[in-house]
Amino acid sequence: MILFILRGRQENGGTTAGKGTLAFASSSSLGRCLSRSRIYPEYHKKDLILHDGVKIGPAAVIAGADISYIRGSDLFFAAVVLLSDPDMQPLAEVHAVGRVSFPYIPGLLSFREGPVLLKAFENLQQVPDLVIFDGQGIAHPRGVGLAAHLGLFLDIPAIGCDKSRLCGEYRDPGPCPGDHEDLLYQGQVIGSVMRTKARVRPVFVSPGHLISLGRSREVTMRCCRGYRLPEPIRQAHLAVNRLRIASQ
DNA sequence: GCGACAG
DNA sequence: ATCTTGTCGC
């Protein structure tokens with residue numbers, strides 16, 4: 001087993017690898033994803049990669065990733081869906097299934113869900129310009145939530161869009177879609193609590209990798225189509241549940 | 001010791 | 001996250 005020492009360091013609102021404080025164990029899947037060229041043969045298309053301050057082009061591809069499993073079972077189902085931006089039309093869907101033994105520990109979710117998710121990413125034939133994860137970005141006690149962790153491994157711009165809070169304090173955002181409040185943790189703004197739809201609980205948005213908080217919100221809102229969750233996450237969620245049901 | 005705690 | 005029925009509301 002290899003240990004990677006990573007630290008989520010805020011830089012222009014995003015994260016970069018740095019010397020740091022948080023030790024992440026890598027499974028075989030995590031390790032394999034270190035060699036990106038093996039996963040994505042066409043990774044050289046750097047011009048498609050979004051960095052903060054650069055608008056996502058009309059031909060951009062946004063991915064959503066999620067996990068599902070059966071209670072009492074260690075079998076996990078992962079899916080990554082690719083949607084066109086801004087149309088949100090499905091372009092591709094890949095899966096992975098795997099046994100997971102790492103327990104759920106708040107703050108260490110990426111150890112549990114990361115390996116199977118990355119296994120699904122390996123099946124992609126196209127590099128997404130950005131990934132939205134069903135988890136926190138830098139809104140994490142150590143600054144490295146699932147979206148920040150996997151964004152770093154994949155080296156793709158990533159956003160964390162979660163349904164509930166891990167850490168930080170906030171006030172309820174306004175009632176209109178797009179309304180948002182800061183998520184504060186130890187005197188720092190680590191994310192936004194944003195209303196994506198009227199009369200539903202807000203979501204927790206935070207930068208994962210190579211993107212600012214403001215743009216994270218912007219992309220998240222642009223991906224919303226009348227539901228609480230942005231389409232990439234919603235479609236990924238539907239995909240993993242289809243996969244799980246089909247396996248029973 | 002107590003409360004909080006992504007999924 | 002999963003399990004689980006009905007039910008309230010647009």
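What you see is a predicted model, and the numbers here were worked out from it, not measured in a lab. So that the names make sense, note that chain A is the first sequence line, chain B the second, and so on, each numbered from 1.
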message: Do A/Ile159 and A/Val131 have side chains that approach each other closer than 4.5 Å (heavy atoms only, starting at C-beta)?
response: no
message: Taking the minimum atom-to-atom distance to the side chain of A/Asp134, which one of B/dC5, C/dC3, C/dA1 wins?
response: C/dA1
- prompt: Same cluster for A/Leu243 and A/Val80 if Ile/Leu/Val/Met/Phe/Trp/Tyr side chains link at under 4.5 Å?
  reply: no
message: Can you tell me if A/Lys163 touches the phosphate of B/dA6, counting only side-chain N or O atoms and a distance under 4.0 Å to OP1 or OP2?
response: no
- line: In whole angstroms, the gap separating C1' of C/dA1 from CG of A/Leu229 amounts to 14 Å
message: Quick check: do A/Phe77 and A/Leu75 have side-chain heavy atoms less than 4.5 Å from each other?
response: yes
query: Is the phosphate of C/dA1, meaning OP1 or OP2, less than 4.0 Å from a side-chain N or O of A/Arg244?
result: no
- prompt: In whole angstrom, what separates A/Asn241's CG from C/dT4's P?
  reply: 14 Å
field: Spacing of A/Leu150 atom CG relative to B/dG7 atom C1', expressed in whole Å
entry: 13 Å
- prompt: Of the candidate nucleotides B/dA6, C/dT2, B/dG7, which contains the atom at the shortest distance from the side chain of A/Arg71?
  reply: C/dT2
task: Report which part of the nucleic acid A/Glu113 touches: base, sugar-phosphate, or nothing (heavy-atom distance under 4.0 Å, all strands).
output: sugar-phosphate
- prompt: Can you tell me how far C1' of C/dT2 sits from CG of A/Leu75, to the nearest Å?
  reply: 14 Å
query: Among A/His237, A/Lys163, A/Arg234, which residue meets the side-chain hydrogen bond (donor to acceptor under 3.5 Å, both in side chains) test with A/Asp134?
result: A/Lys163
message: Between P on C/dA1 and CZ on A/Arg112, what's the gap in Å once rounded to a whole number?
response: 12 Å
query: Taking C-beta and beyond as the side chain, do A/Gln89 and A/Leu83 meet within less than 4.5 Å on heavy atoms?
result: no
field: Whole-Å gap separating C1' (B/dG7) and CZ (A/Phe76)
entry: 8 Å
- prompt: Once you round it to whole Å, what is the distance between P of C/dT2 and NE2 of A/His237?
  reply: 6 Å
query: Does a side-chain N or O from A/Tyr69 land closer than 4.0 Å to OP1 or OP2 of B/dG7, or not?
result: no
query: Below 4.0 angstrom from OP1 or OP2 of B/dG7, is there any side-chain N or O of A/Ser164?
result: yes
message: Counting only heavy atoms not in A/Arg225 (residues, nucleotides, ligands), do more than 12 fall under 6.0 Å from its CZ?
response: yes
field: Dot-bracket line, read 5' to 3' along DNA chain C, where crossing pairs take [ ] and | marks a partner on another strand, Watson-Crick or G-U under 3.5 Å
entry: ..........
message: Counting C-beta onward and ignoring hydrogens, is there a side-chain heavy-atom pair between A/Leu154 and A/Phe121 closer than 4.5 Å?
response: yes
- prompt: A/Asp66 has an atom CG; how far is it from atom P of B/dG7, in whole Å?
  reply: 10 Å
